[in-house]
Amino acid sequence: MNARPPLLATWLLTHFTSDGRSESLIGDLIEQYRGGRSSAWYWRQAVTAIGGGFVVQAWLQKWLVIGVVGLNLFLPYAYMHFVSHRVTIVDRAWYPRFINWLLKTDLDLTWRMTHRFHLWALTGTVVWCALLALVAWALVRSFPRHRGLVLTVFLFSSVGQCMPHLRVAFVDWVRDPGNPIWFFNVLCFATFAFIATPFSILWGGGAARTS
Amino acid sequence: MAREFFGGFELLVLLALIRLHDEAYGVPISEAIEECSGRDVAIGSVYIPLDRLERKGLVSSKLGEPTAERGGRAKTYFRITAKGLREARRARRTLINLWHGVPQLEGGAA
């Protein structure tokens, strides 16, 4: 008997299927898995449930999908108008001091590496991720029956918005493949797009479920 | 209010849960359809029409007790309502009426 079903598939089902049925569906899949079904079968069921559920829900809740995408497009403007100047104040408080300290330590390699990791953008990234988490939390609280749908749409539209940055890094590479800066750009933006952004949104959505 | 027609898969799900009586939840419903149709049915796909049928008032659901063999998750049992039964009978009549007098569908071979 298989004891533990694939964790990631179960996690995805928990977060990306809508309304109160997800627990029963996961229970059904675990029951079958423990009855001798394979991990591949479990994954296939999970992907079908998430994909099929998303398409049907998105079609039924078109206006909600449009609203979430619209909110996502509006967020950068809201950030620029209401938040960014405060972020700059925080940035000025720590970044120059940190750079001065690094320069004083005379660790040339550390300095060069640190500089390339875009630390100057760190405050803004943290605040932006907090904003994403807050919006994901508010969306899940406002539409608990469509939790999976709003989170999926919000997540994919947020990741989609990061793509132009990755494109810039790619163009840098095409122009000057010998300059390692493109690699650091890709690393920073990929971390932002594929780790920080999804994590913030899922964390916010998860917090709304438990609160 | 205008009556709605069942979708093909919706009708299969409804008939499967009528056959299963009090034991109708995701797994046996999908197995019953698989058995009768000879096609693979994803368990997740039966919950979509079940939700729709419940919203129309044709099906009701009840949460069972969580069990260890299901990882502490409860089953959702589905039952047909009186309205659902009425609509199923109506759908049957409609299908039989349409079936009659179609020579291409007479006999066994497709």
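Predicted model only: the values in this text are computed from it and were never measured.
- Atom CD of A/Glu23 and atom OG1 of B/Thr76 lie 9.5 Å apart (nearest 0.5 Å).
- Across B/Arg70, B/Arg73, B/Glu69, the residue that shares the most heavy-atom pairs under 4.5 angstrom with chain A is B/Arg70.
- Other residues, nucleotides and ligands contribute at most 12 non-hydrogen atoms within 6.0 Å of the CD atom of B/Glu35.
- Remark: B/Arg55 CZ is packed, more than 12 non-hydrogen atoms of other residues, nucleotides or ligands lying under 6.0 Å away.
- Interface remark: B/Ile43 contributes backbone and side-chain atoms alike to the contact with chain A (heavy atom separation under 4.5 Å).
- More than 12 heavy atoms of other residues, nucleotides or ligands sit less than 6.0 Å from atom CZ of B/Arg52.
- Atom CH2 of A/Trp41 and atom CG of B/Asp40 lie 10.5 Å apart (nearest 0.5 Å).
- Heavy atoms from other residues, nucleotides or ligands lying under 6.0 Å from CH2 of A/Trp173 number 12 at most.
- Scanning both residues, B/Leu63 and A/Ser24, for their nearest heavy atoms gives CD1-OG, 4.0 Å.
- Using a 4.5 Å cut-off between heavy atoms, A/Glu31 contacts chain B through both its backbone and its side chain.
- When every heavy atom of B/Gly44 is checked against every heavy atom of A/Gln45, the shortest pair comes out as N-OE1, 4.2 Å.
- For the pair B/Tyr47/A/Thr17, no side-chain contact is recorded, criterion being any heavy-atom separation below 4.5 Å from C-beta on.
- Summarising the local packing, NE2 of A/His85 is surrounded by more than 12 heavy atoms from other residues, nucleotides or ligands at distances under 6.0 Å.
- By the 6.0 Å contact criterion, OH on A/Tyr79 is enclosed, its count of non-hydrogen atoms from other residues, nucleotides or ligands being greater than 12.
- Residue contact with chain A, scored on non-hydrogen atoms closer than 4.5 Å, is absent for B/Ser30.
- Interface remark: B/Ala42 contributes backbone and side-chain atoms alike to the contact with chain A (heavy atom separation under 4.5 Å).
- Only the side chain of A/Leu60 has a heavy atom closer than 4.5 Å to any heavy atom of chain B.
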